[in-house]
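For reference, the structure is listed below as structure tokens.
This one's a predicted model, so the numbers in the text were calculated from it and none came from an experiment. All chains are named by letter (A, B, ...) in the order of the sequence lines, taking the proteins before the strands, and each is independently numbered beginning at 1.
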Amino acid sequence: MKASQWTVLGLTGALAVTLAACAPNGEGNGGENGGNGASGGDSLSVLIASSGPAEAGYYQEAAARFTEATGTEVEIVVANDLIQQLGQGFAGNNPPDLFYLPWDQFETYASQGFLEPYAGDLANAGDFLPALVEQFSYNDEFYCAPKDFSTLGLQINTEAWEAAGLTDGDVPTTWDELATVAEALTDGDQVGLSMGREYARVGVFMNQAGGQLVDGDTVTADTAENAAGLEYLQGLIADGSLVFPPDLEAGWGGEAFGLGRAAMVVEGPWINGAMANDFPDREFISVELPAGPGGPSTYSFATCWGMPIDSNTRDSATAFVEFVTTPEEQLLAAEAFGVIPSTTAGADTYASQFPENAAFVAGVDYAVSPVAFAGAAAAVSEFNTELENIANADPSALLAGLQTNLQSALDSARG
Amino acid sequence: MSTTRASARPRRGGGIRRGEARAGYLFVTPAVVIAAVFLLIPIALAFWVSLSDWNGFQSPLNPRVNFVGADNYAAITTEDGLAQRNFGRAVRNNLYYVLLVVPLQTALSLFLAVQVNRAVLRGRGFFRTAFYFPSVTSSVAIVIVFQFLFLGTGAVNQVLRAFGVQGPNWLNDSRGVLHIVYGAFGADAAPSALADGGMLGISWWEWLAGPSVAMTVLIILAIFTTSGTFMLLFLAALQNIGSEIDEAALMDGAKPLRKFFSITLPMLRPTLFTVLTLGLIGSWQVFDQIYVLGGGASILTPAYLSYETSFNEFRWGQGAAIAFILFVFIIVLTLLQRWILRERSPKKRGFAQRAAARNLSEGGVR
């Protein structure tokens, strides 16, 4: 009896010691182990969010080429939910050595001090497109090397275009022309224009009217220019030539376009892949967005290579970023899954190699980044909710709500 | 020697029971450790996070994290702003969800249980399986099926059209159901009395909006998926009611309806409590359906808001605060419900009924 009790006690003790040995060391050592850490800086873990097998496959191959050239092992991890996995990585003190960071999260990460500002030290730091460098700079410091980018363009269903008797000369370059062709294309089950009912589309028209949401430390959402952008869209809605995807039984603009329910949509280069996969028969062209009274404007959406602060794999991770942002690799990526290279040279070559996407590359000259400072997301999604009433609402009332919410978010972000 | 030991024994708690305390502690240790690691420590840590400005970087106990008192709770409950409005909206949505889901799923599951419990029903096994099937299917899969069924041109609207009804664009319709009803009576906009006042940043008019049309789809979905599980609980309880009680009721001349409300239902009280409690807890925590549908103001719930606030905006403190408020909410409502469902005092019911119910619920069900 007594002996068996002590046996149990001993076994329990042994079990506890075993478990303790298995557990990782506590917070004490600062958690510098970015990846598996076994071989110091000679292995990298890279977290990507893949749009499909092509993207993941390209990075597997690129990683193999990089390993061959430098001897550094690279493990490509494809995230199911990038933001959630990053959040867990940072909270658990074990973030990946490099990760995709979308434009809308960048400022939040930078302002919270999660990011290593390595991009300015890259050998090819000067090669990136200026608009992208600006998008991924925080407090004038270039944090995060852009991976690729997209801008918004206007897609035109060529079949519907010809059926409406329109020619190449009619491609709209101004708001008035857009309204005219949208009306001409509206016919029966087909509306002239569609796009997501959200800030990331509607905001472009506010910018084209000469408006902007943030000017330095002040929010300028409730200006007459922004209201003019919304009023223009309200005019199109009233004419029946602009209808949003939910009312066309479509999940997003591209689906409405592919189904032939909208003859024109405002989308980015991802439309090519979506049409090729789901609507291979749809023939269309992408042109630059028409200019408003305030000049041309579009949004650029980009993704960058984020690196966690105080990373102990900084050198090899930097080398990997330099490797995948060379023009050769960027063109391989563009061929594999259709993204536009983030370097000036790469983008130019891309535009000549893929003329159907030249409009997206041209847009980067005047593209601006949608507002994305820390905390802006909640204000923007509130605005998106309010936009459900865009057809009937008073534009200044819509913008007044956005002004209040954005200003308080900006105050707490800068405060 | 032996006498000394014998006299010492009682003081040291010796004898045959000697060492039992040590063995007892030893045997409960694994359970205590597991409870501490997976429950107590995380809850304590989450509570600390809800009082701190932790941004999700490294441990919440690292020295750069500051104590901010009740700021996070204030931001979602008392301070005017978006955080408060979103919380108010989430509570509103979820409140209507609970008010509809809990009674309806309980009633439906009880109804189904009674039906499949009847001896005369042919193919009972088939029906039991059929009704239980949604419960064993992943709710994510069901949400996706529902997404297609409830498209603007989906099957549901096709059926409605056959009856001459033009169905709404279900999941994209953010109008409140009660607002639509008020609209039918000509009340399209908020009367000023309702537009001005409010709670949690939401005007009374918006509180009275009812569930959005999109939320209605999720309500139907929840009732569809959970009623099978609860049917099983009711079925087990029904089968514990002996047939002699049915016969006795029959002999006393009770009609089926009377028998159900005076005999069966009182005897199901413990199960009813279980079902209502589980339903209440589950429906206040609704998350996966909202996550699959990608959120949005019209179907926002506190659980999803907590996730979004934490992971997308790095306001982990606020996210944890929402979770704790939800926790308190659920506890309070469960206690309230327990109080409502308590055994009534004898005066309120007829003597015979009470005696029968007590005897049976003590003897029969357990």
Of Asn405(A), Thr404(A), Leu406(A), the residue whose pairing with Leu82(B) passes side chain to side chain contact (heavy atoms under 4.5 Å, CB included): Asn405(A)
Tell me whether the count of non-hydrogen atoms from other residues, nucleotides or ligands lying under 6.0 Å of CZ in Phe67(B) goes above 12. yes
Applying a heavy-atom distance below 4.5 Å, give me the residues of residues 83-91 of chain A that approach chain B, sorted by number. Ile83(A), Gln84(A), Gly87(A), Gln88(A), Phe90(A), Ala91(A)
In terms of heavy-atom proximity below 4.5 Å to chain B, should Asp104(A) be classed as side chain, backbone, both, or neither? neither
Please rank Trp54(B), Trp316(B), Phe311(B) by heavy-atom pairs under 4.5 Å with chain A and give me the top one. Phe311(B)
Derivation of the side-chain contact (heavy atoms from CB on, under 4.5 Å) call for Arg89(B) and Glu382(A): CA-CA 12 Å; Arg89(B) 217 178 254 156; Glu382(A) 176 75 11; 3.0 Å; yes
Can you tell me how far apart OG (Ser408(A)) and CD (Glu79(B)) are? Round to the nearest 0.5 Å. 10.0 Å
Given a strict heavy-atom distance threshold of 4.5 Å, which part of Tyr291(B) is in contact with chain A: side chain, backbone, both, or neither? side chain
Looking only at heavy atoms, which two atoms of Asn169(B) and Pro246(A) are closest? And how far apart? ND2-O, 2.6 Å
Contacts table for residues 254-262 of chain A: side-chain donor-acceptor under 3.5 angstrom, sequence neighbours left out:
residue	atom	partner	partner atom	Å
Glu255(A)	OE1	Gly251(A)	N	2.8
Arg261(A)	NH1	Leu248(A)	O	2.9
Arg261(A)	NH1	Glu249(A)	O	3.2

Decide if atom CG of Asp189(A) counts as having more than 12 heavy atoms of other residues, nucleotides or ligands within a radius under 6.0 Å. no
Is chain B contacted by the side chain of Ala374(A), its backbone, both, or neither, given a heavy-atom distance below 4.5 Å? neither
Contacts of type salt bridge (Lys or Arg N to Asp or Glu O under 4.0 Å), residue Glu267(A), not counting sequence neighbours: Arg201(A)
Is the count of non-hydrogen atoms from other residues, nucleotides or ligands lying under 6.0 Å from Phe287(B) atom CZ greater than 12? yes
Would you mind checking which part of Ala379(A) comes under 4.5 Å of any heavy atom in chain B, side chain (CB onward), backbone (N, CA, C, O), both or neither? both
Glu388(A)/Arg175(B) ion pair, N-O < 4.0 Å: no
Distance alone, cut at 3.5 Å: any donor-acceptor contact between the side chains of Tyr109(A) and Asn55(B)? no
Chain A contact via Asn312(B) - side chain, backbone, both or neither, heavy atoms under 4.5 Å: both
Engaged part of Thr385(A) at the chain B interface, taking heavy atoms whose separation is under 4.5 Å: side chain
So, the part of Asn86(B) with a heavy atom under 4.5 Å from chain A: the answer is side chain
For Phe146(B), what residues pass the ring-ring contact (aromatic ring centres under 6.0 Å, His included) criterion, not counting sequence neighbours? Phe150(B), Phe224(B)
